[in-house]
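Below is one structure, written out as structure tokens, with a few remarks after it.
For reference, positions follow the sequence shown, starting with 1.
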Amino acid sequence: MRKPHHYQYPERKWLIPLLTSSVLSLILLLAATVRYGRSPSTSVSSRSDNTVSGAGSGLPRQPRLAYLISGTKGDALRLRRVLQAVYHPWNYYLLHLDLEGPAAERIELARYVRSEPVLVGYDNVRVVGNANMVTYKGPTMIAVTLHAVAILLRQGKEWDWFINLSASDYPLMSQDDLLHVFSYLPRDLNFIEHTSNIGWKEYQRGRPIILDPGLYSMKKSDVFWAKEKRSMPYSFKLFVGSAWVVLTRSFLEFCIWGWDNLPRTLLMYYTNFLSSPEGYFHTVICNSKDYQNTTVNHDLHYIMWDNPPRQHPITLKSKHFDGMVESGAPFARKFVKDDPVLDRIDQELLGRSKGRFTPGGWCVGSSFLGRDPCAIYGNPEIIKPTISSKRLEKLLVKLLDPENFRCVCMYNQCIYIFSACLFLLTNVEETLGFFTMVDWHF
């Protein structure tokens with residue numbers, strides 16, 4: 001071991017300016033960090049009016065979202081409506097009408113995408129031409145989802161989160177609201193409702209063995225049940241939850257390219273698993289050491305169930321509107337086709353007219369005399385969040401609270417999550433006074 005040198009006292013005078021400059025640098029660094037961490041909360045009002053997110057603005061990088069919107073026979077118009085409601089030029093969209101849907105519907109959907117000037121201009125929407133068969137309760141939905149992710153990874157740029165929706169889903173806020181709030185979140189958070197307490201599902205889903213005819217047949221039919229039962233696995237633990245997820249690009253790259261054998265092993269296991277969309281991603285992420293500490297136990301959907309829960313959730317109607325709004329969730333399900341509550345959501349939450357896109361900062365046209373503001377479009381990095389973003393912030397503060405979000409991850413990840421919570425909490429604290437000062441309009 002090298003012995004330390006000993007200096008005479010006069011030679012240690014250099015320590016004084018060094019320590020002084022170090023302390024001053026540390027103070028300035030801390031001041032800059034605090035100022036950066038709090039600046040978004042103090043600029044919410046100005047950003048709500050007209051915000052440009054980008055380099056040199058002092059704001060975090062605006063995320064990109066990748067959507068899979070899926071449906072079946074008779075859902076072409078519903079898919080089109082959901083697309084119009086959740087569309088934003090900054091995102092990527094893949095529409096999948098399963099093989100049960102007639103070719104005419106799929107062609108009409110593709111024709112709309114190719115003829116709509118906005119979609120042609122931004123070129124960020126695709127329709128799956130070689131559609132897949134989807135069997136209810138079978139693993140074919142997992143196959144469709146992984147296929148969609150592979151397409152989005154190949155064709156889309158560096159998007160951050162993947163969101164799966166169906167024709168029965170609908171947004172409760174604009175994409176400007178969602179992008180605004182998500183821009184302050186760590187990019188490694190996966191929103192997936194999950195539990196290891198599978199209860200009765202062990203005997204009705206975990207142990208039975210099924211065969212999905214959608215894997216080899218061109219006609220839709222129910223799954224086949226094998227007489228044999230299987231034991232519960234020992235090499236991994238089963239998790240179940242909601243089929244609706246908001247997953248990170250990094251985790252989905254792991255599922256597609258898998259640098260260990262876990263995603264492939266579980267994919268083979270869930271090939272014979274009943275209702276596999278409610279367990280595959282959940283089991284992969286919760287058994288992976290790299291990703292098990294990135295989960296937020298919520299699917300960001302407003303869903304109502306009977307008590308005790310039945311096979312399907314309650315169909316949402318106008319009487320559920322207030323509950324949907326108060327939940328702060330960005331999406332809800334399930335809706336029937338053209339229900340009046342969807343028109344109310346369009347009018348009161350999205351500011352959207354029939355057959356048009358949800359307006360945002362990218363729409364620079366005038367709405368005077370009923371004109372379409374999105375007929376003239378500009379910079380997709382300009383966003384205009386509404387009051388709905390405050391409700392989403394409140395929900396995320398609750399989800400990321402230490403009482404709900406158990407941070408067992410690495411130290412740096414905890415710091416990022418704590419910073420996000422601090423920003424969101426700061427905004428919520430200002431909300432009571434802020435709402436009384438600002439008259440919110442679309």
Side-chain angles (χ1 to χ4, degrees), residues 37-38 40-42 44 47-48 60 63 65 160-161 163 169-197 239 241-242 244-248 282 285-286 291-305 307 309 313-314 316 320-333 345 349 385-409 413-436 440:
R38 295 186 60 87
S41 63
T42 58
V44 169
R47 181 170 182 175
S48 299
L65 308 177
D160 300 279
W161 279 282
I163 301 174
D169 293 74
Y170 212 68
L172 300 177
M173 58 186 62
S174 70
Q175 291 299 289
D176 279 19
D177 293 318
L178 194 59
L179 292 171
H180 166 67
V181 176
F182 268 52
S183 64
Y184 295 100
L185 292 181
R187 298 297 198 264
D188 62 349
L189 290 183
N190 290 278
F191 295 87
I192 180 168
E193 184 187 37
H194 62 280
T195 178
S196 61
N197 183 20
F239 286 79
S242 171
W244 313 105
V245 295
V246 180
L247 300 175
T248 62
H282 316 68
I285 200 168
C286 291
Y291 294 100
Q292 61 187 191
N293 296 324
T294 66
T295 59
V296 180
N297 202 352
H298 200 284
D299 59 8
L300 298 186
H301 270 69
Y302 178 83
I303 305 176
M304 287 193 64
W305 296 90
N307 191 15
I314 296 173
L316 299 176
H320 304 117
F321 181 81
D322 291 340
M324 286 187 274
V325 174
E326 293 171 2
S327 72
F331 307 101
R333 76 180 319 269
I345 292 173
L349 299 181
T386 70
I387 194 173
S388 296
S389 65
K390 292 296 180 179
R391 291 189 281 264
L392 178 56
E393 287 176 7
K394 185 177 180 180
L395 172 63
L396 291 177
V397 166
K398 180 180 178 181
L399 293 176
L400 296 176
D401 185 271
E403 293 297 322
N404 301 315
F405 184 85
R406 301 297 180 183
C407 188
V408 293
C409 52
Q413 290 176 313
C414 293
I415 292 296
Y416 295 150
I417 294 172
F418 174 77
S419 300
C421 291
L422 181 62
F423 161 70
L424 294 173
L425 184 59
T426 304
N427 275 347
V428 171
E429 288 175 350
E430 295 179 352
T431 298
L432 293 178
F434 185 68
F435 283 171
T436 60
W440 291 83

Taking the side chain as every heavy atom from C-beta outward, state whether Leu349 and Phe321 have any atom pair closer than 4.5 Å.
yes

Working for side chain to side chain contact (heavy atoms under 4.5 Å, CB included), residues Trp305 and Ile314
CA-CA 5 Å; Trp305 296 90; Ile314 296 173; 5.8 Å; no

Minimal heavy-atom distance between Tyr302 and Ala329, with the atoms involved, is N-CB, 3.8 Å

Please check: side-chain N/O of Asn190 versus main-chain N/O of Thr295, any donor-acceptor pairing under 3.5 Å?
no

Search all heavy atoms of Cys286 against all heavy atoms of Gln292 and return the closest pair with its distance.
O-NE2, 3.2 Å

Measure the spacing between OH of Tyr184 and CG of Leu179 and express it to the nearest 0.5 Å.
12.0 Å

Assert yes or no for the condition that the ring centre distance of Phe331 to His301 is strictly below 6.0 Å.
yes

Please step through side chain to side chain contact (heavy atoms under 4.5 Å, CB included) for the pair Asp160 and Phe182, ending with a clear verdict.
CA-CA 10 Å; Asp160 300 279; Phe182 268 52; over 6 Å; no

For Glu193 and His298, indicate whether the former's side chain and the latter's backbone hold a donor-acceptor pair under 3.5 Å.
no

Verify, without hydrogens or angle tests, whether Trp244 (side chain) and Ala332 (backbone) share a donor-acceptor contact under 3.5 angstrom.
no

Side chains of His194 and Asn297: closer than 4.5 Å at any heavy-atom pair?
yes

With a 4.5 Å heavy-atom cut-off, do Thr248 and Arg187 have their side chains touching?
no

At what distance, to the nearest 0.5 angstrom, does NE2 of His180 lie from CE of Met173?
11.0 Å

Measure the CG-CG distance between Leu189 and Leu396 for me, rounded to the nearest 0.5 Å.
9.0 Å

Can you tell me how far NZ of Lys398 sits from CG of Leu400, rounded to the nearest 0.5 angstrom?
12.5 Å

Heavy-atom nearest pair, Leu172 first then Met324, reads CD1-O, 3.7 Å

List the steps and the verdict of side chain to side chain contact (heavy atoms under 4.5 Å, CB included) for Val181 and Asp177.
CA-CA 6 Å; Val181 176; Asp177 293 318; 5.8 Å; no

Leu185 side, atom CG; Phe191 side, atom CZ - distance, nearest 0.5 Å
5.0 Å

Over all heavy atoms of both residues, which pair between Leu178 and Pro330 is shortest? Give the atoms and the distance, please.
CD1-CB, 3.9 Å

Would you name the heavy atoms of Arg333 and Leu316 that are closest together and state the gap between them?
O-CD1, 3.3 Å

Determine whether Ile163 and Leu300 satisfy the following criterion, side chain to side chain contact (heavy atoms under 4.5 Å, CB included), listing intermediate values before the conclusion.
CA-CA 10 Å; Ile163 301 174; Leu300 298 186; over 6 Å; no

Taking every heavy atom of Ser242 against every heavy atom of Asp299, the minimum-distance pair comes out as OG-OD2, 2.8 Å

